[in-house]
**Q** 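Got a structure for you, questions after.
Along the sequence shown, the residues carry numbers beginning at 1.
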Amino acid sequence: MKFIWVWNGKKIKQLSIILIAAFFTAGLLYVERDQLMVFSTSEGPQAFYKADIEEKKIALTFNISWGDNRTLPILDVLKDRDVENTTFFLSGAWAERHPDVVERIVEDGHEVGNHGFQYKDYPGWDDQKIRRDIRTSHDILSEMIDDNPTLLRPPNGNFDKDVLNLADAEGYTIAHWSIDSKDYTNPGVDQIVDNVLQQVDPGEVILMHASDSVKQTHKALPIIIDQLKNEGYEFVTISELIASTDTKTEEID
């Protein structure tokens, strides 16, 4: 049996993951970050989660699925710090309710990715339902931003081999992350900052949120941005990182 594991150079989970992996079919690619596992086929499409580069480039990403109280303050921080080229993953249902905020995101120079429509986990759904959800959100977003989004971050970041293949068939690359700020747990500003800065290397994709559930992100963000700039990092979109490198993989027989 052959497995492909994606290594991030930061954390390797306990050996118990191997036991879980044994229940899946051969030739799968696994990624586990904190409590989330995702996987792909070795010969098919693969999820992007980090760029293997030496240049100090890094991607800030924000997921949005509900509310509008936190997004504008976060956009204000980015604008005040002269940071463009971040990537916002938007739920289509959310975008429909907040077209003015979507317009602001685009006007400020940020990339827009697809975050699904219903915001429910795809694994376990039948193919037709997944495809419909991706397309529904795609149609909404493409009309609003006058462009076709090509990056998909499934709701809650959860996906499997079938979702990867379906996304690829719809013209999407699944974009995961390599650093989880865990801002959605509201652990305190200092902890959010530490969750990001203690792990940073060139090519990282940082997961943050801009839904109403996060109450400290807009306070932690200026500290994170200033520190990364002081260390010489440049903020780029995920698309720019993908253009720089492929996902790092290693085969284990």
Side-chain angles (χ1 to χ4, degrees), residues 24-25 28-29 31 36-49 59 61-68 71 85-177 184 205 207-213 237-243 246-247:
F24 291 88
T25 58
L28 298 185
L29 176 149
V31 180
L36 178 66
M37 180 184 293
V38 296
F39 49 95
S40 170
T41 62
S42 59
E43 297 180 354
Q46 297 181 354
F48 180 87
Y49 83 105
T61 72
F62 301 88
N63 294 355
I64 309 179
S65 58
W66 67 281
D68 61 354
T71 308
N85 298 327
T86 72
T87 303
F88 281 80
F89 289 93
L90 309 181
S91 159
W94 177 89
E96 276 189 319
R97 295 191 297 271
H98 306 287
D100 53 332
V101 184
V102 177
E103 183 179 3
R104 166 79 186 274
I105 290 171
V106 174
E107 287 181 349
D108 284 3
H110 304 292
E111 180 177 45
V112 170
N114 191 339
H115 202 30
F117 183 77
Q118 295 188 46
Y119 203 76
K120 294 183 179 179
D121 288 352
Y122 285 166
W125 281 11
D126 62 59
D127 290 358
Q128 183 177 0
K129 189 174 181 180
I130 295 170
R131 191 180 295 112
R132 185 186 307 118
D133 194 81
I134 293 173
R135 289 179 177 176
T136 299
S137 185
H138 176 88
D139 290 344
I140 292 167
L141 294 175
S142 60
E143 182 176 354
M144 296 182 76
I145 70 175
D146 196 26
D147 197 2
N148 289 317
T150 59
L151 299 175
L152 174 68
R153 181 171 285 169
N156 295 312
N158 293 328
F159 60 94
D160 56 19
K161 176 184 64 175
D162 290 338
V163 176
L164 267 165
N165 289 325
L166 286 168
D168 182 67
E170 296 298 320
Y172 276 99
T173 296
I174 288 186
H176 197 46
W177 59 84
Y184 57 91
V205 176
L207 170 66
M208 304 190 83
H209 298 78
S211 293
D212 279 5
S213 56
T237 64
I238 290 184
S239 291
E240 291 178 80
L241 287 185
I242 290 176
D246 292 326
T247 304

**Q** Could you check whether any side-chain N or O of Ser211 sits under 3.5 Å from a backbone N or O of Ser65, counting only pairs where one atom can act as donor and the other as acceptor?
**A** yes
**Q** Does any non-hydrogen side-chain atom of Ile174 lie less than 4.5 Å from one of Pro45?
**A** no
**Q** Which is it for Tyr49 and Val205 under the side chain to side chain contact (heavy atoms under 4.5 Å, CB included) test, yes or no, and what are the steps along the way?
**A** CA-CA 6 Å; Tyr49 83 105; Val205 176; 6.0 Å; no
**Q** Can His138 and Tyr172 be said to form a ring pair (Phe, Tyr, Trp, His ring centres under 6.0 Å), step by step?
**A** CA-CA 10 Å; His138 176 88; Tyr172 276 99; 5.6 Å; yes
**Q** Answer whether the closest heavy-atom distance between the side chains of Asn63 and Tyr184 falls below 4.5 Å.
**A**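 SC-SC contact between Asn63 and Tyr184 ruled out.
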**Q** Looking only at side chains, do Thr61 and Arg153 share a donor and an acceptor under 3.5 Å apart?
**A** yes
**Q** If only atom types and distance count, is the side chain of Asp108 paired as donor or acceptor with the main-chain N or O of His110 below 3.5 Å?
**A** no
**Q** Going by side-chain contact (heavy atoms from CB on, under 4.5 Å), name the residues that satisfy it together with Pro155, two or more places apart in sequence or in a different chain.
**A** Tyr119, Tyr122
**Q** Once you round to the nearest 0.5 Å, how far does CG of Asp162 lie from CZ of Arg131?
**A** 10.5 Å
**Q** Measure the shortest side-chain to side-chain distance between Thr71 and Trp94 over non-hydrogen atoms and say whether it is less than 4.5 angstrom.
**A**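 Yes, their side chains come closer than 4.5 Å.
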**Q** Would you compute the distance between atom CG of Leu207 and atom CH2 of Trp177 and round it to the nearest 0.5 angstrom?
**A**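 Those atoms lie 5.0 Å apart.
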**Q** Any chance you could measure His176, atom NE2, to Asn158, atom CG, to the nearest 0.5 Å?
**A**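 Those atoms lie 8.5 Å apart.
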**Q** Would a 4.5 Å heavy-atom cut-off, applied to side chains only, mark Ile64 and Ser91 as touching?
**A**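 SC-SC contact between Ile64 and Ser91 ruled out.
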**Q** Using a 4.5 Å cut-off on heavy atoms from C-beta on, say whether the side chain of Arg135 contacts that of Arg132.
**A**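 Counting from C-beta outward, Arg132 and Arg135 never come under 4.5 Å.
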**Q** Applying side chain to side chain contact (heavy atoms under 4.5 Å, CB included) to Thr150 and Thr173, what does each step give before you reach the verdict?
**A** CA-CA 6 Å; Thr150 59; Thr173 296; over 6 Å; no
**Q** Rounded to the nearest 0.5 Å, what separation is found between the CG atom of Asp68 and the NE2 atom of His98?
**A**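 Result: 4.5 Å between the selected atoms.
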**Q** Under the criterion side chain to side chain contact (heavy atoms under 4.5 Å, CB included), I'd like the reasoning laid out for Ile238 against Phe89: C-alpha separation, chi angles, the key distance, then a yes or no.
**A** CA-CA 11 Å; Ile238 290 184; Phe89 289 93; 3.8 Å; yes
**Q** How many angstroms lie between CD1 in Ile105 and CG in Leu90, if you round to the nearest 0.5 Å?
**A** 4.5 Å
**Q** Measure the spacing between CD of Glu111 and CZ of Phe88 and express it to the nearest 0.5 Å.
**A**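 Going from CD on Glu111 over to CZ on Phe88, the span is 11.5 Å.
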**Q** I'd like to check Thr237 versus Leu151 (side-chain heavy atoms, cut-off strictly below 4.5 Å). Are they in contact?
**A**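 No - every pair of side-chain heavy atoms lies 4.5 Å or more apart.
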**Q** Looking at Asp126, I'd like to know if its CG atom is crowded, meaning that more than 12 non-hydrogen atoms belonging to other residues, nucleotides or ligands lie closer than 6.0 Å.
**A**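 Count over threshold, so yes.
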